[in-house]
Amino acid sequence: MKRQQLTSFYFEALLLVAAFAAMILVLTGVFGTARARSVEARRLTRAVTLAANAAEAVSAADSAEQTAALLDEGGNVRITANGLEAAYLADGSPCPDGNGALCLTVSWEPSAEDAALVVSRIAVYAAEETPVYTLETSHYRKEAAS
């Protein structure tokens, strides 16, 4: 009888260890997924902040060159044929060498209906070809209103 009790004790202990191992595996998967989501959320938050700053600069400027001057932090902004590009590190700080983790693009296009209206498309890219965040905005130029 004592042998049967000892066998059932070992069996119950083995089941308990298996249950704990299964719980550890499930929780490891959950925490891994949560960490990946956290990294995505952090990147999206930085992209939204950069786009909002660029929208403020577009609204305050009368030309693409003025926008570039407002956004420039140590040479991280380049004027292109379509507007301007700015490079930033993953933490949102400027990257003057142009090899940042985030790339901000701002287009500057006068509206076809009204020459004083400027339409801008602001996009923040990471390593993918699809933008992390896109913002479309427009404003009336100050000098055109006079």
When Val106 is tested against each of Ile79, Leu135, Ile122 for side-chain contact (heavy atoms from CB on, under 4.5 Å), which residue passes?
Ile122
Kindly work out whether a path of hydrophobic side-chain contacts (I/L/V/M/F/W/Y, heavy atoms less than 4.5 Å apart) joins Val124 to Leu89.
no
Residues at least two apart in sequence or cross-chain that pass salt bridge (charged side-chain N to carboxylate O under 4.0 Å, His left out) with Glu40, listed by chain then number, are none
List the residues meeting side-chain hydrogen bond (donor to acceptor under 3.5 Å, both in side chains) with Asp91, not counting sequence neighbours, and say none if there are none.
Ser93
Please report the closest heavy-atom contact between Ala101 and Ala90, naming both atoms and the distance.
CB-N, 3.7 Å
For Arg43, which residues count as a side-chain hydrogen bond (donor to acceptor under 3.5 Å, both in side chains) partner, sequence neighbours excluded?
Glu128
Search all heavy atoms of Ala86 against all heavy atoms of Val77 and return the closest pair with its distance.
CB-CG2, 3.8 Å
Partner set under side-chain hydrogen bond (donor to acceptor under 3.5 Å, both in side chains) for Glu113, not counting sequence neighbours:
Ser111
Please give me the minimum heavy-atom distance between Gly100 and Cys95, naming the atom from each residue.
N-SG, 3.6 Å
Decide yes or no for Asp114 and Tyr140: does some side-chain heavy atom of the first lie under 4.5 Å from some side-chain heavy atom of the second?
yes
Which atom pair, heavy atoms only, marks the closest approach of Glu73 to Asn76?
N-OD1, 2.8 Å
Heavy-atom closest pair (Ala54 atom, Leu104 atom, distance to 0.1 Å) is CB-CD2, 3.8 Å
I'd like to check the salt bridge (charged side-chain N to carboxylate O under 4.0 Å, His left out) partners of Arg78; sequence neighbours left out, ordered by chain and number.
Glu85
Val119 and Glu136: side chain to side chain contact (heavy atoms under 4.5 Å, CB included), yes or no, with the steps?
CA-CA 8 Å; Val119 179; Glu136 293 187 18; 5.7 Å; no
Please list all pairs passing the side-chain hydrogen bond (donor to acceptor under 3.5 Å, both in side chains) test where one or both residues lie in residues 47-59, with sequence neighbours left out.
none
Which residue pairs pass the ring-ring contact (aromatic ring centres under 6.0 Å, His included) test when at least one of the two sits in residues 99-132, sequence neighbours left out?
Trp108-His139
Can you list every ring-ring contact (aromatic ring centres under 6.0 Å, His included) pair that touches residues 63-105, not counting sequence neighbours?
none
Which pairs would a plain distance check flag for residues 15-33, meaning a side-chain donor or acceptor within less than 3.5 Å of a matching protein atom at least two apart in sequence or in another chain?
{"residue": "Thr28", "atom": "OG1", "partner": "Ile24", "partner atom": "O", "Å": "2.7"}
{"residue": "Thr33", "atom": "OG1", "partner": "Gly29", "partner atom": "O", "Å": "2.9"}

Kindly write out the residues that satisfy salt bridge (charged side-chain N to carboxylate O under 4.0 Å, His left out) with Arg46, not counting sequence neighbours, or none if the list is empty.
none
Atom CG in Asn82, atom OG in Ser107: separation rounded to 0.5 Å?
8.0 Å
Cluster link Val39 to Val132, ILVMFWY, side chain under 4.5 Å
no
Sequence-distant partners of Ala57, side-chain contact (heavy atoms from CB on, under 4.5 Å), two or more places apart
Thr67, Leu70, Leu71
Sequence neighbours left out, what pairs pass side-chain hydrogen bond (donor to acceptor under 3.5 Å, both in side chains) with at least one residue falling in residues 8-27?
none
